[in-house]
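Accompanying notes for the structure given below.
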2 protein chains.
Amino acid sequence: MTRQRLLIIGGDAAGMGVAAHARRGRPVDELEIVVLERGQYTSYAACGIPYWIGGEVDSRDDLIARTPQEHRAQGIDVRLRIEATAIDLDARRVSARDLDDGSVSEFSFDDLVIATGATPLRPDLPGLDAAGVFGIQHLQDGDDVRAALDAGASRAVIVGAGYIGLEMAEALIQRGLTVTVIDRSQEPMSVVDEDMGALIAKAVRGLGITLLTGTELLEVMVEDGRATGVRCKALAGEAQVLEADLVILALGTAPTSELARVAGLDIGPSGGITTDAAMRAQIGGAAQQHIWAAGDCVEVMHRVSQRPVAIALATHAAKQARVVATHIVGGYATFPGVLGTAATKICALEIGRTGLSTKEAAAAGFEVEPTTMESTTKAGYYPGAESITTKLLVEKGTGRLLGAQIVGHEGSAKRIDVLATAIWNGMTVAQISEMDLSYAPPFSPVWDPVLIAARKAANR
Amino acid sequence: MTRQRLLIIGGDAAGMGVAAHARRGRPVDELEIVVLERGQYTSYAACGIPYWIGGEVDSRDDLIARTPQEHRAQGIDVRLRIEATAIDLDARRVSARDLDDGSVSEFSFDDLVIATGATPLRPDLPGLDAAGVFGIQHLQDGDDVRAALDAGASRAVIVGAGYIGLEMAEALIQRGLTVTVIDRSQEPMSVVDEDMGALIAKAVRGLGITLLTGTELLEVMVEDGRATGVRCKALAGEAQVLEADLVILALGTAPTSELARVAGLDIGPSGGITTDAAMRAQIGGAAQQHIWAAGDCVEVMHRVSQRPVAIALATHAAKQARVVATHIVGGYATFPGVLGTAATKICALEIGRTGLSTKEAAAAGFEVEPTTMESTTKAGYYPGAESITTKLLVEKGTGRLLGAQIVGHEGSAKRIDVLATAIWNGMTVAQISEMDLSYAPPFSPVWDPVLIAARKAANR
């Protein structure tokens, strides 16, 4: 057997996941594994950056699951600061540039994995390149924000009130800054419905964070190359200037798929690389043998809407990496699609969601009936029992649960997993309401909040 | 329409649940509702008694969801301290005795609901009737134990290391007592497998509780009518005497079904009243119209083993009550059976279980393969990440999940609900491992512990 070469573009969750699984499955003398990583870190928890900035996580090193050195010790040839610039599918070769010395090199492959991740969205507005304007995606971003804090930054404006925006708001308020969050939408966290977003808005404001919704960014104000604030405008109002030492852009991400697109691979409507069930990239809908894609750069099928979506989340990247590696070492696996399940917390407030939101359901052609139910996280008489609000979106006619959202205090968010499991299995709310879920006073009322909501929805 | 009379025997979760639902469904001039309750409380949370004794719940009143007066204000005729003594099914009449004055009366009915609950198991040993020996079932038991604590009790022996036994151990150690728990089994909490029980034993002992497993009670020592301790014996050892001011019996319960049995109704192998899917009691397997049973006194079908079980739990009582009341007011509903899902906590240690244990699986004819996996409750780098151990029992050949057990720290127990939902839907561990569960650093590692365990089991 000749030694094969597996070339991986991108050294974070998806790319290094493939590398690690493939390494375990095939020894060094059978499979050479080369990883090209543009940055200087591998296998880091990008989702932990806000907690590191906020001080809940002690050090950057805590976020690094495995260093380049550790990967190399496992027989994985990690090349840092090397950016892939072109893929020649016919010649089975990738061109790359050294970001430090500008030198160019080429890497042949037998199997290629494209794991180029996602790129933060940046509106085309003045001032965004100024010093003091940060995204939150790479470990370096965390270093940079922490340096700004150490240098005395005291006023922050965060643009975007999604997961990262609100997690950063929490982090910076914990660090003692004055924090303003602006977002175009009427309520924060557009992955949940507006009524649930309103609950989040109330909690965010209760923390002393200024939240300006229905407000769009016009420009970043700059003096001597440094951001001094932002000019923004309420959709129905006047423009205003918010002074700031620190501007955080948290407008979401888009799949980093340009390299694949230029190489001729299919890109879907979400902007992500399309794949077959085994994560093979495609041309004209035909799967390309030995060309794989995984992680934030791909688009996947949403199991409820049956439409493609691009969801940047480590848990999908990890699963996709396992699928790709399984094939590369001679096995069989497929990626089953997603429900869009997600969770976060803003101080004591926890948020979970799964399936379709009301807007997503409408966009996919579903008619849904909403049911919202407030309950308590523990038995009402048990200390620490707090409110939990569950919203269910139920398909008209069938009673099938299509989406669910939970906003509440400690012990709320992870309950979304029960509803995700229910949606995964195509359950109706009547069926859900019958289930035998655990009960004990420290954990739930006699009827778990999830069951109460399902019961109410089933009774409609 | 003549006014109908609904007569209910038993005024706790099941009985008052039927009463309250039926009252909402039918007005007072159509349906008279009479409840005979042997005790002096209604609708109380028996499962909260340990937390009240431990001081986490402030007062007895917190455990009472609705008082007799409140029920009466809703048009429910609650008769306290009245014990039903016989049911005449042909004459549709119940005989009863006033426990205070001994007077006897009769109550006719159109619909009868038997909700007589469960009775604590008491071995036939000397001394169990002495002062200072308590069960933990009725609110009065809580009063009595609290009075004993106020009177200076400082050493407690708890017989039985199940839910109630360990919850009482936690309560009494929090109250400053010296606590010893004895149990015949080799490990505590026999609803989980012994290896998981060993984790619980370690945590219990870590709290300063003396736990003597493999030890059986021989007698309660009595002086002047008061318990002074217990004599017990290690199965492979000598008898010993444990001095105590307080002896708690926590040996589980059996359905209180004698009244139904004497009336000619079917009693199943578990000792519970058998019913059809709509909770109608039966004679010779034939459902009896307008004779219902609900709550701890009934036996229900275990959805995995397909065998009857009697599980005393408020959540089942509440669901069964709703089924019965729905029929009484002219609707249709069925009780779908149980999975034996349960949760509890002993100080910081949380325990959840669902489906079949290894012993239960064997008894029901299933062959299972166990997989045990240790993980963390949050991302490893996130503060407060603690250990969680998940054990899955998988059917040989099919890969179907038949049972699951979780022991771990904060955030562990409620994860059992995901596995309960999976078992409810007949999922295999391979299917479970593919699911889209929520991920965020404060709530789980990138792969939720449940998914990690399922993946490991699927790989076997």
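These numbers come from the heavy atoms of this one structure, side chains and all, not from hydrogens, waters or symmetry mates. Just so we're on the same page: letters track the sequence lines, and every chain starts at 1.
Applying the side-chain contact (heavy atoms from CB on, under 4.5 Å) test to Thr326(B) and every residue at least two apart in sequence or in another chain returns Arg322(B), Ala333(B). Under the rule for a salt bridge (Lys or Arg N to Asp or Glu O under 4.0 Å), Glu434(B) has no partner lying at least two apart in sequence or in another chain.
The shortest non-hydrogen separation linking Ser438(A) to Lys414(B) is O-NZ, 2.9 Å. Shown here for Asp436(B) and Thr341(A), the closest heavy-atom pair between the two residues is O-OG1, 2.7 Å. Nearest heavy atom pair, residue Ala440(A) against residue Ala343(B), reads CB-O, 3.1 Å. Nearest heavy atom pair, residue Asp62(A) against residue Tyr381(B), reads O-CB, 3.3 Å. Nearest heavy atom pair, residue Trp424(B) against residue Met427(A), reads CD1-CE, 3.7 Å.
Taking chain B as the reference chain and counting heavy-atom pairs below 4.5 Å, the highest number among Leu451(A), Ile432(A), Asp448(A) is found for Asp448(A). Across Pro383(A), Ala420(A), Gly340(A), the residue that shares the most heavy-atom pairs under 4.5 angstrom with chain B is Pro383(A). For chain B, the option among Asn425(A), Leu419(A), Val446(A), Val418(A) with the highest count of heavy-atom pairs below 4.5 Å is Asn425(A). Across Ser444(A), Pro442(A), Ala422(A), the residue that shares the most heavy-atom pairs under 4.5 angstrom with chain B is Pro442(A). Interface check for chain A: of the options Asp58(B), Thr344(B), Thr334(B), the most heavy-atom pairs under 4.5 Å are formed by Thr344(B). The greatest number of non-hydrogen atom pairs below 4.5 Å with chain A, out of Leu63(B), Val338(B), Leu313(B), Thr421(B), is found for Thr421(B).
The contact between Ser433(A) and chain B is made entirely by backbone atoms, counting heavy-atom distances below 4.5 Å. Both the backbone and the side chain of Ala314(A) come within less than 4.5 Å of a heavy atom in chain B. With a 4.5 Å cut-off on non-hydrogen atoms, Arg353(B) does not touch chain A at all. For Arg415(A), the part lying near chain B is the side chain, with the backbone staying farther off; criterion is any non-hydrogen pair under 4.5 Å. For chain A, the nearby part of Ile416(B) is the side chain; its heavy atoms alone come within less than 4.5 Å. In this structure, chain B has no heavy atom under 4.5 Å from any part of Glu167(A). Contacts of Arg303(A) with chain B are absent, with no heavy-atom separation under 4.5 Å from either backbone or side chain.
Among residues 47-55 of chain B, the residues having any heavy atom closer than 4.5 Å to a heavy atom of chain A are, in sequence order, Cys47(B), Gly48(B), Tyr51(B).
Within 6.0 Å of CD in Glu386(A) there are more than 12 heavy atoms belonging to other residues, nucleotides or ligands. Enclosure of atom CD in Glu70(A) by more than 12 non-hydrogen atoms of other residues, nucleotides or ligands within 6.0 angstrom is indicated.
Remark: the backbone N or O of Tyr439(B) is not paired with any side-chain donor or acceptor of Thr315(A) at under 3.5 angstrom. Counting only distance, with no hydrogens or angles, the side chain of Lys319(B) and the backbone of Met435(A) share a donor-acceptor pair below 3.5 Å.
Sorted by first and then second residue, the pairs that involve residues 341-350 of chain B and meet salt bridge (charged side-chain N to carboxylate O under 4.0 Å, His left out), not counting sequence neighbours, are Glu170(B)-Lys345(B).
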